[in-house]
Amino acid sequence: MSARAPGRAATGHAGRAYTRAFGIDIGGSGIKGAPVDLTTGEFTADRLRIPTPQPATPEAVATTVAELLGSFDLPMGTPIGLTFPAVIQHGVARTAANVDDSWIGTDVPAVIRETTDRTVLAVNDADAAGYAETLYGAAKDVPGTVLVVTLGTGIGSCLVVDGTLVPNTELGHLEIDGEDAERRASDAAREREDLDWEAWAARLQRYFRVVEDLLWPDLIVVGGGVSKKHEKFLPRLDLRTPVVPAALRNAAGIVGAAALAARGAALD
Ligand code: BGC
């Protein structure tokens, strides 16, 4: 899967061009979806959000996804991409860091197909959000190695090299100073420990320094809900890599999933 010139339609593996696709973002509290115009990266209808069922078992989530898809008038064959906060290897969830353990080993597209009769592409949440930033957002047209890091309940990472996504980098789970990095530096850690911006930025500084020493990216994009308050913490970082806030905010997951689905295999 490679980046494309802006304004051109995405092309599926059989060469079919898509100008529309649908993205679904599965999170711990909400399942959100919207149709996406792939030439602009914008929603073509209002996003719908349905609370994530609890427990968020594969079957319960598939039923909610069916409800969400049923609320839109989607022609059969529309590429549908779905994000999930776990390692997704060829459709199979391999981890479940912040979701129900019963997902581990689940073939996500198969479970969704059983309930919805639709073919979907499943992708890690940070990979989807980061990929969207490279197509339409803060890293648009940036050559070289782009690292997108999402700061939320966990720390998600997305590595895109000259437009090609290297999936499942999972850099939130780097062990730094003897601890899982996201335990110390996620936005949830900031809230849990009631850290002020300075204290949290110091943890981010340690985190990003390790990451930049390993990957030497050309650009770091920082996403996640807290990125809308980027002026509170990004200016406190002292890194050799340029760091910018994400541009697409909470649309990124949906947009990236839709874009990846339009390029993905097994859709035609
Ligand atoms: C998970 C990643 C996910 C990130 C953000 C981490 O705990 O391991 O797969 O991308 O959280 O949700």
Side-chain angles (χ1 to χ4, degrees), residues 23-33 49 51-52 54 56 58 61 81-109 121-134 137 139 146-160 165-176 179-193 200 203-204 207-208 210-211 214-215 217 220-228 245-246 248-261:
I24 301 174
D25 195 353
I26 298 185
S29 60
I31 296 183
K32 295 147 272 179
R49 179 187 187 278
T52 306
Q54 301 300 338
V61 167
L82 182 149
T83 79
F84 203 70
V87 169
I88 302 286
Q89 213 175 19
H90 312 296
V92 178
R94 297 294 184 194
T95 62
N98 293 306
V99 284
D100 202 87
D101 275 355
S102 58
W103 281 94
I104 297 175
T106 298
D107 183 328
V108 181
L121 180 94
V123 59
N124 170 264
D125 57 354
D127 281 343
Y131 191 64
E133 291 294 336
T134 68
V146 174
L147 178 69
V148 183
V149 172
T150 63
L151 302 171
T153 309
I155 293 182
S157 62
C158 169
L159 187 67
V160 178
L165 172 67
V166 182
N168 297 312
T169 42
E170 290 293 315
L171 298 179
H173 297 297
L174 278 174
E175 187 182 313
I176 300 179
E179 224 180 327
D180 190 42
E182 73 174 25
R183 285 285 309 162
R184 274 184 70 73
S186 65
D187 192 40
R190 179 182 69 83
E191 288 180 345
R192 194 173 54 236
E193 299 181 42
W200 188 51
R203 292 187 181 189
L204 289 176
Y207 176 68
F208 283 117
V210 169
V211 168
L214 290 172
L215 292 175
I220 295 176
V221 178
V222 176
V226 73
S227 67
K228 62 176 178 289
L248 300 176
R249 302 277 158 73
N250 60 6
I254 291 174
V255 172
L260 283 163

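When a ligand or atom number is given, it counts from 1 through the structure's own listing order.
- Ionic pairing of R203 and E179 is not present here: no N-O contact between side-chain nitrogen and carboxylate oxygen is shorter than 4.0 angstrom.
- Polar contact with ligand 1: absent for T95 (N/O pair, distance under 3.5 Å).
- The atoms of ligand 1 that sit less than 4.0 Å from any heavy atom of H173 are 1 (C), 6 (C), 7 (O), 8 (O).
- For ligand 1, the atoms closer than 4.0 angstrom to any heavy atom of P85 are 9 (O), 12 (O).
- Note that the OG1 atom of T134 and the CG atom of L159 stand 10.5 Å from one another [nearest 0.5 Å].
- Scanning the protein heavy atoms around atom 2 (C) of ligand 1, the nearest turns out to be E170 OE2, 3.2 Å.
- Residue D125 has at least one nitrogen or oxygen atom sitting less than 3.5 Å from a nitrogen or oxygen atom of ligand 1, judged on distance alone.
- In this structure, N124 is part of the shell of residues with a heavy atom less than 4.0 angstrom from ligand 1.
- Remark: side-chain polar atoms of D127 are paired, donor with acceptor, to backbone N or O of N168 under 3.5 angstrom.
- The closest donor-acceptor contact from the side chain of T150 to the backbone of G156 lies under 3.5 Å.
- Assignment of I155 to the shell around ligand 1 is supported, since a heavy atom sits closer than 4.0 Å.
- Every heavy atom of G172 sits 4.0 Å or more from the atoms of ligand 1.
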- Taking it one step at a time, do V222 and L204 satisfy side chain to side chain contact (heavy atoms under 4.5 Å, CB included)? CA-CA 11 Å; V222 176; L204 289 176; over 6 Å; no
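- By the 3.5 Å distance cut-off applied to N or O atoms, E182 is counted among the residues near ligand 1.
- With ligand atoms numbered from 1 in the order given, ligand 1 contributes 4 (C), 5 (C), 10 (O) to contacts under 4.0 Å with heavy atoms of G156.
- Proximity of a side-chain donor or acceptor of S157 to a complementary backbone N or O of E170 within less than 3.5 Å is detected.
- At least one donor-acceptor pair closer than 3.5 Å links the side chain of T95 to the backbone N or O of V87.
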